[in-house]
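For reference, the structure discussed in these notes is given below.
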Amino acid sequence: MTPMPDRTGEPRPGRDEPVTDLDTPLPPIGPTRAELRNIAIHACHLCDDHGYRPGHATPCDHQDHTGPAKRGIAAIRAQMGWDRPEKAPTDTTQPQP
């Protein structure tokens, strides 16, 4: 194979030779996805050793949603007028026939 010349017209020695070591694996740059997942699971106080919250069938996202959920339900109750005792629903069972 004839090497390609550079802009001056001179061949570039060593730069135009074919690469033959493509099967050599690259060294790892950082932790793998599995290692990052295990680190997140062990650092999380919300889930078990398998990455699931107790009582749930979906994987834990390692974020506590308690605060936003409480603010959301408070906003709904305020909008619906359920924050006042006279309008709050007291009995959620079905009426007896």
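We're numbering straight along the sequence, starting at 1.
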### Query
Quick one: does H50's side chain get under 4.5 Å of I41's, heavy atoms only?
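H50 vs I41: side chains apart.
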### Message
If you define the side chain from C-beta out and look only at heavy atoms, does anything of Y52 sit under 4.5 Å from C60?
### Response
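The answer is no, as the side chains (C-beta and beyond) never meet within the 4.5 Å cut-off.
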### Query
Got a second to check how far C47's SG is from H56's NE2, nearest 0.5 Å?
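Taking SG in C47 and NE2 in H56, the distance rounds to 12.0 Å.
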#### Entry: Shortest non-hydrogen separation from H65 to Q63 and the atoms involved
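Looks like CD2-O, 3.2 Å.
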### Query
Do you know which two heavy atoms are closest between L36 and P31, and how far apart they sit?
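Heavy-atom minimum between the residues: CD2-CG, 3.7 Å.
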### Message
T66: which residues meet the side chain to side chain donor-acceptor pair (under 3.5 Å) condition with it, sequence neighbours left out?
### Response
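If we apply the side chain to side chain donor-acceptor pair (under 3.5 Å) test to T66, skipping adjacent residues, the hits are D64.
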### Query
Can you list every salt bridge (Lys or Arg N to Asp or Glu O under 4.0 Å) pair that touches residues 35-56, not counting sequence neighbours?
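Every salt bridge (Lys or Arg N to Asp or Glu O under 4.0 Å) pair that includes a residue of residues 35-56, provided the two are not neighbours, is R53-D61.
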